[in-house]
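Comments concern the structure below.
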There are 4 protein chains.
Amino acid sequence: MGNDEEKLTEKQKAILDAAVELFAEKGFAATSTNEIAKKAEVAEGTIFKHFKSKKGLLLSVLSPMMVKLIAPMIKNDMNKVLDRDFETFQDFIRGMIENRKEFIKKNLPLLRILVQEIPFHPELKERFIEHIGKEIFDKFRQIVDHYQAKGQIIEADPNTIIRMVAGAILSYILARHIAIPEANWEDESKEIDKIIELLSNGLMPRE
Amino acid sequence: MGNDEEKLTEKQKAILDAAVELFAEKGFAATSTNEIAKKAEVAEGTIFKHFKSKKGLLLSVLSPMMVKLIAPMIKNDMNKVLDRDFETFQDFIRGMIENRKEFIKKNLPLLRILVQEIPFHPELKERFIEHIGKEIFDKFRQIVDHYQAKGQIIEADPNTIIRMVAGAILSYILARHIAIPEANWEDESKEIDKIIELLSNGLMPRE
Amino acid sequence: MGNDEEKLTEKQKAILDAAVELFAEKGFAATSTNEIAKKAEVAEGTIFKHFKSKKGLLLSVLSPMMVKLIAPMIKNDMNKVLDRDFETFQDFIRGMIENRKEFIKKNLPLLRILVQEIPFHPELKERFIEHIGKEIFDKFRQIVDHYQAKGQIIEADPNTIIRMVAGAILSYILARHIAIPEANWEDESKEIDKIIELLSNGLMPRE
Amino acid sequence: MGNDEEKLTEKQKAILDAAVELFAEKGFAATSTNEIAKKAEVAEGTIFKHFKSKKGLLLSVLSPMMVKLIAPMIKNDMNKVLDRDFETFQDFIRGMIENRKEFIKKNLPLLRILVQEIPFHPELKERFIEHIGKEIFDKFRQIVDHYQAKGQIIEADPNTIIRMVAGAILSYILARHIAIPEANWEDESKEIDKIIELLSNGLMPRE
DNA sequence: AATGAATGAGGGTTCATTCAT
DNA sequence: AATGAATGAACCCTCATTCAT
C-alpha cells in the first residue's frame with residue numbers, strides 16, 4: 001500500500017487522483033466511494049480490489065506525500081547546512097522554503113487532507129509523529145543548535161524557536177493558499193523576505 | 001438558533017454538550033445523530049425538534065462561541081489600548097492572551113470544531129470572515145498602527161506583523177493543547193513570556 | 001365523532017377546515033398532523049384531544065358530508081317524484097343536480113377526499129356502501145321503476161341505467177372541476193342540458 | 001426509466017411487481033420501500049440502485065402502461081375506422097373495448113394506481129395530459145367527426161359525446177372491477193352490449 | 001484485473017401520538 | 001380545554017463492502 005508512483009497502473013492513479021480531489025474538497029468522511037469511482041471512471045469494486053477499504057485508500061493517498069515532503073529535508077538540507085551551503089540561518093530558511101515551494105503548491109490538497117484527517121485517525125497521527133515528526137523535529141533542532149553555536153541566533157529555548165518559525169511559515173501558507181486566497185497578495189518571494197526579516201529581527205526596532 | 005445560553009432547556013444543553021464532545025472527537029461528518037442522542041440521553045427526534053437538522057445543530061454549537069471569543073476584543077481590548085491601560089505592545093499581547101486563556105481552555109473542543117469544519121461549510125466560512133474575521137482584523141490593524149505611531153514596533157507591513165503574532169500564538173496553542181499535549185510543557189505563563197520575547201526581539205542577537 | 005356542525009368549538013372547526021384542505025391537496029397519508037396543526041393555528045396535541053387519532057380526524061371530516069349529500073335525496077327528491085313535482089325523468093335529473101350543485105361546488109374537496117380514500121379504508125367503504133350507497137341506490141332504483149312504469153324511459157336493466165346516468169354526471173364533474181378546469185367551458189346549465197339531452201335521446205339520430 | 005419489459009432483470013421485475021401490488025392495495029404514500037423490498041425478496045438498497053427513489057419507482061411502474069394502453073388506439077383503431085373495418089360507431093366502441101379488455105383486466109391494479117396518484121403528482125398529471133390525454137382525445141374527436149359525417153351519430157358537441165361514452169365505460173369498469181366486484185354481474189359481453197345499446201339509443205323509448 | 005449488481009446496516013429526518021403542565 | 005416538549009418507531013435513502021461474472 002506504500003505505493004511508489006512508478007508501479008501504479010492507470011486506474012490506480014485515476015483512483016488516487018480522484019480521491020485526493022474529493023477528500024480535499026469535502027473531507028474524508030463526507031466523500032463516498034461511489035463518487036470517487038465515478039470521478040475516476042472506474043467501477044466501485046476496483047477501488048476495493050486495490051486499496052482494500054476506504055481507509056486504506058486514505059492511507060495510500062497520504063503515505064507518499066509524507067515521505068516526499070520530509071525525506072529531502074533530512075537527506076539534503078541537513079548536509080547543506082553542515083557543508084556551509086547555507087551560511088546563515090536566514091539562508092537556511094529561505095533555501096528550505098524554496099526547495100519545497102513547488103512541491104507544496106502542487107500538493108496543497110494533500111497537505112490539506114493530512115491536516116484535516118490527522119486528528120481523527122490515531123494510527124495516522126502516531127505514524128506521523130513517530131516516524132516523521134520526531135525525525136524532522138530532531139533534525140531541525142540540530143540545525144538550530146548549529147546556528148546557535150555559531151552565535152547567529154539567540155540562546156532561547158529551541159522548541160520555542162522552532163514553533164515560531166514553523167508558525168510564521170504555516171500561517172503564511174494557510175492565509176495565502178487556503179484561508180483567503182482571494183486577498184491581493186504581493187509577489188511570493190517578497191512575502192517570504194518579509195517573514196524572514198521579521199522572524200530574525202523581531203518586532204521591536206533595533207536601537 | 002443563536003441561543004443565549006440562559007434560555008436553553010436542560011435537554012437542549014445536554015444535546016449541545018454531547019454534540020460538542022462528539023464533533024470534536026470524531027468530526028462532524030463522522031458523528032451520527034443517533035450517537036448524540038444517546039450521549040445526551042435524549043430521543044433522536046428531540047434533536048431535530050430543537051435544531052431542525054444536523055447542520056443546524058452544528059451552527060447552534062458554533063455560533064455563540066464565535067461571538068464570545070471575538071466580541072470582548074472589539075469592546076474591551078481596543079479601549080484598554082487607547083486608554084493606555086496597555087503601555088506597550090507586549091502588554092497588549094499579554095493582556096489579550098490572559099483575558100482569553102480561560103475561555104479558550106474551556107472551549108478548546110469548540111475551537112477545534114470551528115477550525116475543522118470551516119473548510120467544508122461555505123456559509124460558516126463566509127459568516128466567519130465577513131462578520132468576524134474582518135472586524136477583528138481591522139481592530140488589530142488599528143492597534144498595530146497605534147503602536148507603530150508610538151515607535152514601539154517597526155514599520156513593517158501590518159499584515160505580516162499580525163500573521164506573525166497570530167501564527168506564534170496559535171502554533172503554541174495547537175502544539176500544547178491539541179497536537180502534542182503529552183510532551184512535558186513548562187508553566188504556561190513562562191511559555192507565553194518566551195513567545196512574546198521572541199516575537200518582539202526576533203531571533204537574532206541584539207549586539 | 002359524528003359531529004353536528006353546531007356543537008363544534010372554533011378550534012375544532014379550524015382543525016376540520018385545515019384537514020379538509022390538506023387531505024384534498026396532498027392526500028390523507030401524505031398529510032402530517034403537524035401541518036394540520038400549523039394551518040389550523042392549534043397545538044398538535046389539541047387535534048388528538050378532539051379526534052383521538054389521525055384516522056378519527058378523517059372520519060370526522062367525511063361523516064357529515066356523506067349525510068348531507070345523501071339525506072335530502074332520500075327525504076325530498078323521492079317525495080317530489082311521487083308528488084309529481086318532477087313530471088319527467090329529465091326533470092328529476094335536472095332537479096337533483098340543481099339541488100346539489102351549490103353543495104357539491106362548496107364541498108368538492110370533501111368529495112375528492114371521499115373518493116380518494118374510500119379504497120384504502122375498508123370501514124369507510126363498508127359504511128358508505130351499507131348505510132349510504134345501498135339506500136340511495138334503492139331509492140334511485142325506485143325512481144327508475146317509477147318512470148319506467150310511466151313509459152318515460154325504456155325497459156332496460158335499471159342498474160345499467162343508473163350507472164349510465166351517474167357516469168355521465170360524474171364524468172362531467174370530474175372533467176370540469178378536477179381534471180381540466182383550465183379548459184374553456186360553456187355556461188354550466190347549458191352543459192347540463194346537453195348531458196340530459198344526450199342521456200335521454202342517445203347518440204343515434206331519431207329518424 | 002421507461003423500461004421495455006424485455007430488458008428488465010429478474011430482480012427489477014420482482015420489485016416492479018411488488019410495488020404494483022402494494023401501491024394498488026395501500027396507496028403510494030402509505031406503502032413503505034421496506035415492504036416492497038420484503039415482498040420482492042430483495043434488499044431495500046436494490047430498489048434505489050435501480051429506481052433512484054420511491055417516486056422514480058412509481059414512474060417506472062406507470063410509464064409503460066400509459067404507453068401500452070394508449071398507443072394501439074392511435075396506431076390501430078384509427079386506421080381500422082378509416083379502413084371501414086368498423087362500419088358503425090357501435091362497432092368501433094365494441095372493437096376498442098374488446099381490444100383492451102385483456103390488457104385492462106391484467107393491469108387493473110396499474111390503472112388504479114394511475115387514477116389514484118395522478119392528482120398528487122403534477123408531473124404525472126402533466127405528462128398524462130400533454131403526451132397522452134391530448135393525443136387520444138384528438139384521435140377520438142376525429143373518430144366522432146368521422147361518424148357524424150356519415151350521419152351515424154347526432155350532431156351534438158363532440159366533447160360531450162366523448163365524455164358520455166368514456167363515462168359510461170369507465171363507470172362500468174369502476175363498478176364491476178373496483179367498487180363492487182362482489183355484486184353478481186352478468187356475463188361481460190352482455191353488459192357491454194347493454195352499455196352500447198343505451199349509449200346509442202338513449203334512455204327514452206323510440207316510438 | 002475489472003466489473004457493477006446486490007447487500008443490509010446505518011444514515012438523517014419525519015411521524016403520529018402521549019403527557020406533564 | 002389546550003399546549004408543545006418529548007418520544008422512538010418507521011420513514012426514505014446512502015453507504016462501504018462483497019462477489020459472481
Heavy-atom nearest nucleotide on DNA chain E taken for T31(B) and for T46(D); more 5' hit belongs to T46(D)
By nearest atom, which of the nucleotides dG4(F), dT3(E), dA6(F) is closest to the K11(B) side chain?
dA6(F)
Are the side chain of K38(D) and the backbone N or O of A43(D) linked by a donor-acceptor pair below 3.5 Å?
no
Rounded to whole angstrom units, what separation is found between the CZ atom of F51(D) and the C1' atom of dA6(E)?
14 Å
Side chain to side chain donor-acceptor pair (under 3.5 Å) filter on R112(C), not counting sequence neighbours, yields none
Rounded to the nearest Å, what distance is computed from the CD1 atom of residue I15(B) to the P atom of nucleotide dA5(F)?
12 Å
Rounded to whole Å, please give me the gap between CG in L58(B) and P in dG12(E).
13 Å
Identify all pairs in which a protein N or O lies below 3.5 Å from an N or O of nucleotides 17-21 of chain F, and state each distance.
| unit_1 | atom_1 | unit_2 | atom_2 | d |
| --- | --- | --- | --- | --- |
| dT17(F) | OP2 | K54(A) | N | 2.8 |

Donor-acceptor pairs are to be reported for all side-chain atoms of residues 15-29 of chain C against protein atoms at under 3.5 Å, with residues two or more places apart or in another chain.
| unit_1 | atom_1 | unit_2 | atom_2 | d |
| --- | --- | --- | --- | --- |
| E21(C) | OE2 | K39(C) | NZ | 3.2 |
| K26(C) | NZ | E35(C) | OE1 | 3.3 |
| K26(C) | NZ | E35(C) | OE2 | 2.5 |

For E41(B), check side chain to side chain contact (heavy atoms under 4.5 Å, CB included) against everything at least two apart and list the hits.
none
When the distance from CD of E10(B) to C1' of dT7(F) is rounded to whole Å, what number comes out?
18 Å
Mind checking what makes side chain to side chain contact (heavy atoms under 4.5 Å, CB included) contact with F128(C), not counting sequence neighbours?
M66(C), L114(C), I118(C), I132(C)
Watson-Crick or G-U pairs under 3.5 Å in DNA chain F, rendered as dot-bracket with [ ] for crossing pairs and | for another strand:
.||||||||||||||||||||
Length of the NZ-P vector between K38(C) and dC15(E), whole Å
9 Å
Just how far, in rounded Å, is P of dA16(F) from NE2 of H50(A)?
18 Å
For S32(B), answer base if it contacts any base atom (sugar-phosphate contacts may also be present), sugar-phosphate if it contacts only those atoms, and nothing otherwise; contact means non-hydrogen atoms under 4.0 Å.
sugar-phosphate
Just how far, in rounded Å, is C1' of dT7(E) from CD of E41(D)?
15 Å
All salt bridge (Lys or Arg N to Asp or Glu O under 4.0 Å) counterparts of K55(D), not counting sequence neighbours:
E123(D)
Atom pair OG/CD of S60(C) and Q12(C) - distance to nearest 0.5 Å
9.0 Å
Could you check how far CD of Q12(B) sits from C1' of dA6(F), rounded to whole Å?
12 Å
5'-most contact on DNA chain F (nearest-nucleotide basis), A43(C) vs A30(A), goes to A43(C)
Not counting sequence neighbours, which residues clear side chain to side chain contact (heavy atoms under 4.5 Å, CB included) with E130(C)? List them please.
E126(C), K134(C)
Using the side chain to side chain donor-acceptor pair (under 3.5 Å) criterion, which residues pair with E117(A)? Sequence neighbours excluded.
H121(A)
More 5' along DNA chain E: E35(B) or I47(A), using each one's nearest nucleotide?
I47(A)
